[in-house]
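Accompanying notes for the structure given below.
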2 protein chains.
Amino acid sequence: MDYIGRLTAHLPLAIRLLMVKADGSVSIHADDRAYKPLNWMSPPCRVEEAPGVWRVVNKAGEELRITIEEVLHDSSHELGVDPGLIKDGVEAHLQELLAAAPSVLGEGFTLIRREYPTAIGPVDLLCRDGDGGTVAVEVKRRGEIDGVEQLTRYLELLGRDPLLAPVGGVFAAQEIKPQARVLAQDRGIRCVVVDYNALRGVTRDELTLF
Amino acid sequence: MDYIGRLTAHLPLAIRLLMVKADGSVSIHADDRAYKPLNWMSPPCRVEEAPGVWRVVNKAGEELRITIEEVLHDSSHELGVDPGLIKDGVEAHLQELLAAAPSVLGEGFTLIRREYPTAIGPVDLLCRDGDGGTVAVEVKRRGEIDGVEQLTRYLELLGRDPLLAPVGGVFAAQEIKPQARVLAQDRGIRCVVVDYNALRGVTRDELTLF
DNA sequence: CTATAAATGTCGGAG
DNA sequence: CTCCGACGTTTATAG
């Protein structure tokens with residue numbers, strides 16, 4: 001197998017699994033690692049089949065050349081359309097839950113709005129704290145340096161708006177990496193670790209008002 | 001199929017491809033997308049097989065439960081050990097090439113050292129410019145905001161060292177995204193787009209001296 | 001289509 | 001083992 005595209009790669013002769021899907025995509029698997037093929041071509045792409053040689057090419061000019069010495073097994077099946085995967089627990093859902101229960105983020109917090117628009121992208125949650133101050137909240141499943149940088153850019157921008165300034169920052173995630181925590185604290189951003197399962201059980205804030 | 005782990009996911013009954021590898025890993029594929037399985041369990045993990053139900057678990061307590069209604073085809077093959085994949089063109093190689101030809105980065109540039117160590121990680125290339133000033137270079141295949149932030153942290157740190165200060169910054173990549181370019185320029189960091197293939201053909205700097 | 005952020009990212013290397 | 005950054009990241013989504 002040879003790949004010539006974003007990089008150049010060569011795979012020596014060996015027994016492998018070739019998978020060709022209905023969308024024309026091709027992948028080559030070894031007998032380990034569930035997720036990642038040794039090599040692949042993502043759709044949209046085209047397979048040119050010659051005796052013993054497959055050429056898989058895409059529009060960008062990337063090419064996968066597969067030389068087949070011997071076929072040990074060949075099998076083809078019609079799978080039909082796939083019903084979608086239903087997921088739960090991703091960032092969007094975490095954001096929803098926090099929007100419904102902002103007090104988890106801090107004493108007396110109330111929601112101004114979700115996805116508060118700015119010139120450099122939407123702030124996940126914009127809140128008002130117990131003292132009437134504005135707080136920008138960045139929500140992540142896993143809190144890493146990237147997220148702190150992202151929030152820092154929002155804070156810099158929002159802090160220039162006289163209607164909002166001064167704007168505090170909260171970095172909320174199910175898990176916060178040590179480096180991210182250090183960077184956040186260095187920038188005066190408070191870190192909140194959120195327990196996703198506990199949050200699902202939390203009574204909504206509006207109900208606790210009565 | 002049900003997955004209970006880092007998130008919860010459910011996949012309705014349909015015809016799919018199940019792949020079980022020698023390392024015990026399991027993946028479930030639909031008839032599209034070469035790269036990513038619909039669901040999977042990465043090694044190390046264990047498969048518990050009961051009639052019509054597979055339970056795949058790992059040490060972290062994540063679980064994949066697969067209910068099998070009907071087997072349309074079943075085939076098993078011994079693949080043996082896989083000889084490795086040979087790659088070329090990644091960031092490490094780009095860094096090597098630039099280290100060998102620093103003048104590509106700027107007029108009169110010479111290399112001080114590669115992977116210059118700092119408290120927050122190594123700087124890809126530390127160079128001296130034509131005027132004897134110090135320049136930190138961040139090398140990326142694709143230049144995005146992350147890389148600019150990374151270089152900014154290095155510059156902030158190196159700039160405090162009286163032996164080096166003032167330290168200039170160069171962001172070198174095969175491709176630089178507009179947002180990254182804007183951020184870099186805003187911070188006084190110069191952007192250099194590098195042609196990888198051309199660079200491989202460039203005569204090494206030491207040879208051009210004679 | 002481009003640009004940007006999320007991902008059960010995965011993977012590999014250093015400490 | 002954890003932390004950290006690269007990856008042919010891939011993938012989805014918004015503009």
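The chains referred to below are lettered A, B, ... by the order of the sequence lines, with proteins before strands, and numbering in each begins at 1. Just so it is clear, the values below take in all heavy atoms, side chains as well, and ignore hydrogens, waters and symmetry mates.
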request  = Determine, for B:R153 against A:E149, whether the closest basic-nitrogen to carboxylate-oxygen distance falls under 4.0 angstrom.
outcome  =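 So B:R153 pairs with A:E149 through a salt bridge.
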
query = Less than 4.0 Å between a side-chain N and a carboxylate O, is that true for B:E48 and B:R46?
reply = yes

Can you tell me, in whole Å, how much space there is between the [atom1] of [N] and that of [M]?
N: D:dT11; M: C:dC11; atom1: P; value: 14 Å
N: D:dA14; M: C:dT8; atom1: C1'; value: 24 Å
N: C:dA6; M: D:dG8; atom1: P; value: 22 Å

If we only count heavy atoms from C-beta on, is the [X] to [Y] side-chain gap below 4.5 Å?
X: B:V26; Y: B:I66; value: yes
X: A:R181; Y: A:V193; value: yes
X: B:N39; Y: A:L85; value: yes

Rounded to the nearest Å, what distance is computed from the [atom1] atom of residue [X] to the [atom2] atom of nucleotide [N]?
X: A:Q174; N: C:dT8; atom1: CD; atom2: P; value: 12 Å
X: B:I145; N: C:dA3; atom1: CD1; atom2: P; value: 12 Å
X: A:E175; N: C:dT8; atom1: CD; atom2: P; value: 15 Å
X: A:L85; N: C:dA7; atom1: CG; atom2: P; value: 13 Å
X: B:R153; N: D:dC4; atom1: CZ; atom2: P; value: 10 Å
X: B:L38; N: C:dA7; atom1: CG; atom2: P; value: 17 Å

Looking at [options], which one has an atom nearest to any side-chain atom of [X]?
X: A:Q150; options: D:dG8, C:dA6, C:dT8; value: C:dA6
X: A:Q179; options: D:dG5, C:dT8, D:dT11; value: D:dG5
X: A:E138; options: D:dG8, C:dA6, C:dT10; value: C:dA6
X: B:E62; options: D:dG5, C:dT8, D:dG8; value: C:dT8
X: B:K59; options: C:dT8, C:dA5, D:dC1; value: D:dC1
X: A:E91; options: C:dA6, D:dG8, C:dA5; value: C:dA6

key: Nearest-nucleotide comparison on DNA chain C, the residue closer to the 5′ end among B:E144 and B:A9   = B:E144

inquiry  = For the base of D:dG8 and the side-chain ring of B:Y35, does the geometry meet a stacking cutoff of under 5.5 Å between centres and under 30° between planes?
reply    = no

message = What contact category does A:N39 fall into here, base, sugar-phosphate, or nothing, at under 4.0 angstrom with non-hydrogen atoms?
response = base

With respect to the phosphate group of [N], does any side-chain polar atom (N or O) of [X] fall under 4.0 Å of OP1 or OP2?
X: A:K87; N: D:dA12; answer: no
X: B:R6; N: C:dA6; answer: no
X: A:R142; N: C:dA5; answer: no
X: A:K36; N: C:dC11; answer: no
X: A:K140; N: C:dA5; answer: no

request  = With DNA chain D as reference, determine whether B:R33 or A:N58 sits nearer its 5' end, using the nearest nucleotide of each.
outcome  =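 It is A:N58, whose closest nucleotide lies nearer the 5' terminus.
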
task = Report the residue (B:A92 or A:P178) whose heavy-atom-nearest nucleotide on DNA chain D is the more 5′ of the two.
result =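 Mapping each residue to its closest nucleotide by heavy atoms, the 5'-most match is A:P178.
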
ask   = With under 30° as parallel and over 60° as perpendicular, where do the rings of A:H77 and B:H73 fit, or are they tilted in between?
value = tilted

